[in-house]
Amino acid sequence: MNDLKQQLINIGKTILQSSRNELYLSMRFLDIALSGLEYEMNLSTLYVGTDGNKILFNPRYLTQLYQNDTILVNRAYMHMLLHCVFRHMFHRNKRKEDYWNLACDIAVESVIDRLEVPALQKTVSDTREEMYTLLGKKLKVFTAEGIYIQLLTMSVSELQLLKLRKEFWVDDHDFWQNDDEQQQNQQQNTPQQNTENIPEHSHQTNTMTKQQQQQLLEKWQDISEKMKTNLETFQKDMGQEAGELISYLKVENRQRYHYRRFLEKFVTLKEEIQLDEDAFDTIFYTYGLQMYGNMPLIEALEYKEVEKIEELVIAIDTSESCSDTIVKGFLEETYSILQNKESFFKKFQIHIIQCDCIVQSDTLITEQSQLKQYMQNFAVKGSGGTDFRPVFTYVDKLIEEKKFRHLKGLIYFTDGYGTFPKKRPQYDTAFVFMTNGDTTVTVPPWAMKVILTPDDIQMKEAKK
């Protein structure tokens, strides 16, 4: 029995090693990535899959796949490798699992279908072509996050979802771990189970702690960066498809912004009446009380410099190209940040301006209750073309009319397609672009550019 088991392990590993060698000879830029996965037989799956550390395979399935067509094994290997390079298994939480799994499969299969490499080539089906065309109307780069949002907004039926899953399915995602499994593993801290006694259909695998998964994430982040560098080196040899793959990697490896931290750039440094405990020396204070009864030698400062929001303009692009769902998602995240009482001075004013090619509305917020009421009754106004200039003209007029005293800045939420002012305004300006992977949008030299995805602002799902 042990000899048969070892024989099955050897067959599976030989098939995967052969596939790895063929991929390396076809695409030298994969060298580091290809060394990132080990192989292990695992009878808890009927197919193949990866947990980020290993390729876990059922030898029967792998052998049949190899006998049918070696290209299918190569594509499966590349499919799992790209899941790791794009870190799909680390971004699974708080999403609809079926939609996320499908989005990840579409993302990596679209990359493979575009690679004109003989070791990976097969005829692209009509179903795939239709899906790629549909997504191409909304996305410049087919990231899993962007595809996930599109699948939700398209209201895919159960039948359509089943058809797409069948078309793009390649590997078993049950080895991907979520936060619930991490917490359970941390609490129980149980020893690893013997996989020989696991039932064939149980889909159980060893779980990782949060620290181990973070280390694995950093490992693939590093591999992805090096892969991009290698690909740029081999770009002349790879041709156009190299440029497309570089675009994927640039999006996946882009710097992630925390919207809450970004908003802190628009605070105002000012003195506020409150006890400054940081500048208060308790030694002199207590010494004076001991020596003179009720007379301290030093008292706490009554004024303290604090950073809070005093005056701010939030401009919202309500043109036809910005969907209501995305605008509301941005405002909900902004509201969740601004509703914190510690964010404001006692006296503040925030202008929320809706604008397409003209200023549609201007709502002045001076109290927390007004901000809450505005969010409850929010409705998008305008659906024309995009022109950024009217907002700046309008704000400049408010400054001339002394409506602002210390305007810190203007945040303009948009999709990026509009006319910018030629001159720099007298206040800081940031354009916040909500995209699904497009990093090519440009802004004038005097403005800040922030690229956010629905994940970066934790936007609520369009359909639930």
Side-chain angles (χ1 to χ4, degrees), residues 137-140 146 149-150 153 259 262-263 266 311-335 338 349-365 370-371 373-401 403-404 407-444 446-454 456-457 459-460 462:
K137 295 178 180 179
K138 299 289 184 179
L139 306 172
K140 289 189 176 181
I149 294 297
Q150 293 305 315
T153 56
Y259 185 62
F262 167 72
L263 197 59
F266 290 86
E311 294 179 345
L312 180 67
V313 174
I314 299 176
I316 303 168
D317 178 4
T318 57
S319 62
E320 224 169 354
S321 55
C322 279
S323 69
D324 292 3
T325 302
I326 292 178
V327 171
K328 289 178 180 178
F330 167 76
L331 277 178
E332 285 174 2
E333 179 65 12
T334 304
Y335 169 66
L338 296 183
Q349 58 173 329
I350 296 178
H351 286 258
I352 302 179
I353 300 173
Q354 295 192 44
C355 179
D356 44 25
C357 56
I358 61 173
V359 173
Q360 295 287 350
S361 68
D362 175 19
T363 303
L364 176 61
I365 305 295
Q370 293 176 343
L371 184 61
Q373 186 177 8
Y374 179 82
M375 284 304 306
Q376 290 174 343
N377 302 321
F378 174 76
V380 174
K381 299 178 182 178
S383 59
T386 304
D387 189 340
F388 303 130
R389 294 171 297 181
V391 167
F392 290 89
T393 302
Y394 178 76
V395 172
D396 289 341
K397 181 180 178 182
L398 293 179
I399 294 175
E400 292 177 3
E401 295 174 352
K403 298 293 179 62
F404 288 113
L407 177 60
K408 177 61 180 178
L410 184 151
I411 301 176
Y412 210 128
F413 176 78
T414 179
D415 63 354
Y417 303 101
T419 306
F420 295 92
K422 293 182 179 180
K423 294 183 179 180
R424 176 176 182 169
Q426 54 186 300
Y427 40 84
D428 293 336
T429 302
F431 287 91
V432 179
F433 301 100
M434 173 60 70
T435 75
N436 288 312
D438 180 16
T439 60
T440 61
V441 288
T442 59
V443 298
W446 44 263
M448 288 179 279
K449 178 178 78 170
V450 178
I451 303 292
L452 299 178
T453 67
D456 296 324
I457 65 168
M459 195 178 78
K460 294 183 179 179

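Positions are given from 1, in the same order as the sequence printed here. Keep in mind it's a predicted model, so treat the numbers as computed, not measured.
The side chain to side chain donor-acceptor pair (under 3.5 Å) check on Arg424 picks up nothing, with sequence neighbours excluded. For Glu400, there are no salt bridge (Lys or Arg N to Asp or Glu O under 4.0 Å) partners at least two apart in sequence or on another chain. With sequence neighbours left out, Pro425 forms a side-chain contact (heavy atoms from CB on, under 4.5 Å) with Phe392, Tyr427, Thr429, Trp446. The side-chain contact (heavy atoms from CB on, under 4.5 Å) check on Thr393 picks up nothing, with sequence neighbours excluded. Every residue two or more places apart in sequence or in another chain that forms a side chain to side chain donor-acceptor pair (under 3.5 Å) with Asp362 is listed here: His351, Tyr394.
To the nearest 0.5 Å, atom CZ of residue Arg389 and atom NZ of residue Lys422 are 8.0 Å apart. The NZ atom of Lys138 sits 13.0 Å away from the CD1 atom of Ile149 when rounded to the nearest 0.5 Å. The structure places CD1 of Ile316 at 10.0 Å from OH of Tyr412, a figure rounded to the nearest 0.5 Å. Rounding to the nearest 0.5 Å places CG of Leu398 at 6.5 Å from CD1 of Ile353. Summarising the geometry, atom OG1 belonging to Thr414 is positioned 3.5 Å from atom CG belonging to Asp317; distances are rounded to the nearest 0.5 Å. Between Ile352 atom CD1 and Ile411 atom CD1 the span is 11.0 Å, to the nearest 0.5 Å.
Taking both residues in full, the closest heavy atoms of Leu312 and Gly409 are given as CD1-O, 3.4 Å, listed atom of the first, atom of the second, then distance. Taking both residues in full, the closest heavy atoms of Asp387 and Cys355 are given as O-SG, 4.0 Å, listed atom of the first, atom of the second, then distance. What you find for Val313 and Phe404 is that their closest heavy atoms are CG2-CZ, 3.6 Å. For Gln370 against Leu364, the heavy-atom pair with the smallest separation is OE1-O, 3.8 Å. Taking both residues in full, the closest heavy atoms of Glu311 and Gln349 are given as OE2-NE2, 3.0 Å, listed atom of the first, atom of the second, then distance. Residues Thr318 and Asp356 approach most closely at OG1-N, 3.9 Å, considering heavy atoms.
Here the side chains of Phe388 and Thr419 are not in contact, with every heavy-atom distance at 4.5 Å or above. Side-chain atoms of Leu410 and Val391, non-hydrogen and from C-beta on, do get closer than 4.5 Å to each other.
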